[in-house]
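Inspection log for the structure reproduced underneath, given as C-alpha cells.
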Amino acid sequence: SFASFFAALITSFLVIKYAHLHQNFSLDHDFLGIQKFHTEYTPRIGGIPLFVGLAVGCTLIYNESTEPLWILISILPILLIGLAEDLTKSISPFIRLVVSFFSAGIAIYFLDISLLSIGWPWFDHNILGIQFFSIILTMFMIAGVSHSTNIIDGFNGLLLGYSEIVLLVLLWVSIQTGDKLVFSITLMTIGAIAGVLFYNFPKGRIFTGDGGAYLIGGLLAIICLLLVKRNSNVSPWFALLIMSYPVFETFFSIYRKKFLRNMSPSIPDGIHLHMLKYKRVVPLLTGKIKRDEIRNSLTSVLMWIFVMPFMLPALLWWDDNLIMIRTIEK
C-alpha cells in the first residue's frame with residue numbers, strides 16, 4: 001500500500017511539475033463546458049499515476065498470485081482508450097464502450113470472475129447457468145461500472161474519495177472472509193488512489209480524466225466480482241449496494257435524457273446529483289464565499305456524506321442477500 005501510494009504520489013508530482021512540457025495536449029482548457037467547474041488549466045491525465053501506483057503494487061504481490069498481473073492487464077485497454085480521449089477529445093463514446101467490453105472480457109477469461117449466482121434459484125439456473133449469458137452479463141457489469149464512475153467524476157476528490165470509501169468496505173469484508181489476495185489487491189488500490197487524491201483534493205491540481213475514471217470503475221468492479229466469486233458467503237448484492245451511487249446515477253441519467261428531455265443519453269447535461277448539490281446546496285452553506293476551490297471541494301465532501309448510509313449495511317450484513325436487496329430498494 002505504501003509503495004503504491006508513493007509511486008502514484010511521485011508520478012502525480014512529476015506530471016504537475018512538468019505540465020509545461022505536455023500542456024498543449026494534456027491540460028483541460030475547457031472552462032465553459034456544461035460539466036466543467038474548474039477555473040485553472042489542469043492536467044487531466046491522472047490515470048497515468050494511478051496505473052503506475054498499481055503496477056508497483058502488483059510487482060510486490062505478484063509472487064503470491066498471478067491475479068494482480070491479470071487485473072493490471074485487463075484494465076490497461078480502458079485506461080489507454082480513456083487517455084486517448086483525454087488527449088485528443090475525438091474518441092467516440094461507442095468506441096470507448098467497445099474497448100471497455102474488451103477489458104471486461106480479458107478480466108473474465110483470465111480471472112474466472114463471471115457471475116454464477118444472485119441468490120434467485122430460477123435466474124441462477126436458467127440464465128446464469130448458461131455460460132454465454134453469465135459472461136455477457138458480467139461484461140455488462142464491468143463495462144457499465146467503468147462508465148458510471150466517469151459520470152460522477154465532476155469535482156475535486158469526488159470520485160477518488162468515493163472510491164476510497166468503497167475500497168475500505170471491501171477491505172473490511174476481505175478481512176472478515178480471510179481472503180488475503182483480495183485484501184492485498186484492495187490495499188494496493190487504496191494506496192495508488194490516495195497518491196493521486198493528495199493532489200486532486202481539495203485544490204484539484206491534477207484530474208483523473210476519462211482514463212483514470214474508466215480505470216477506477218473497471219478495477220472496482222473486478223475487485224467486487226473477485227471477492228464474491230472467491231467467497232460464496234459474500235452476497236452478490238453487496239457489490240451492487242456499495243456501487244449503487246454511480247450505477248443508479250447512470251441509469252437515472254439515461255432515463256432523464258431519453259424519456260424526460262428527449263435527447264441522446266451520450267450528450268452531457270448539467271443536472272447530475274453532484275451538480276445539483278453544487279448549484280443549490282453548497283451556496284446555502286458557503287454564503288458569500290465565492291472561492292470556487294472551496295465550493296468545489298465542499299460538493300465532494302457532501303457527496304461522500306451522502307453515500308455513507310449505503311455503506312453501513314454493507315459493512316454489517318455483507319453476507320445477507322435479503323438485507324442487501326432491501327437496502328438497495330430503499
List in chain and number order the residues that pass side-chain contact (heavy atoms from CB on, under 4.5 Å) with Thr138, two or more places apart in sequence or in another chain; answer none if no residue qualifies. Ile108, Ser114, Leu115, Ser134, Ile142, Leu225
[atom2] on [Y] to [atom1] on [X], rounded to 0.5 Å:
X	Y	atom1	atom2	value
Cys58	Ile185	SG	CD1	7.5 Å
Thr189	Glu164	OG1	CD	9.0 Å
Met141	Leu240	CE	CG	7.5 Å
Ile151	Leu273	CD1	CG	12.5 Å
Trp70	Ile113	CH2	CD1	13.5 Å
Leu181	Ile61	CG	CD1	6.5 Å

So which atom in Ser163 and which in Ile216 form the shortest heavy-atom distance, rounded to 0.1 Å? OG-CG2, 3.1 Å
Would you mind telling me which of Phe207, Tyr278, Trp304 makes a ring pair (Phe, Tyr, Trp, His ring centres under 6.0 Å) with Phe155? Tyr278
Under a 3.5 Å distance rule, please check whether [X] uses its side chain to pair with a backbone N or O of [Y] as donor and acceptor.
X	Y	answer
Lys89	Asp86	yes
Ser103	Ile75	no
Thr186	Leu170	no
Trp318	Ser235	no
Lys277	Val282	no
Asn231	Asn233	no

Those residues that, when tested against Arg205, pass salt bridge (Lys or Arg N to Asp or Glu O under 4.0 Å) (two or more places apart): none
Which class fits the ring pair [X] and [Y]: parallel under 30°, tilted 30 to 60°, perpendicular over 60°?
X	Y	answer
Phe251	Phe248	tilted
Trp120	Trp122	tilted
Phe140	Phe101	perpendicular

Will you find, in the side chains of [X] and [Y], an N or O donor that is under 3.5 Å from an N or O acceptor?
X	Y	value
Asp124	Ser117	yes
Asn156	Ser300	no
Asp179	Ser174	no

Any side-chain heavy atom of Leu276 within less than 4.5 Å of one from His272?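 In short, these two side chains do not touch, never coming nearer than 4.5 Å.
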Derivation and outcome, ring-ring contact (aromatic ring centres under 6.0 Å, His included), residues Tyr245 and Phe310: CA-CA 9 Å; Tyr245 166 43; Phe310 300 100; 8.5 Å; no
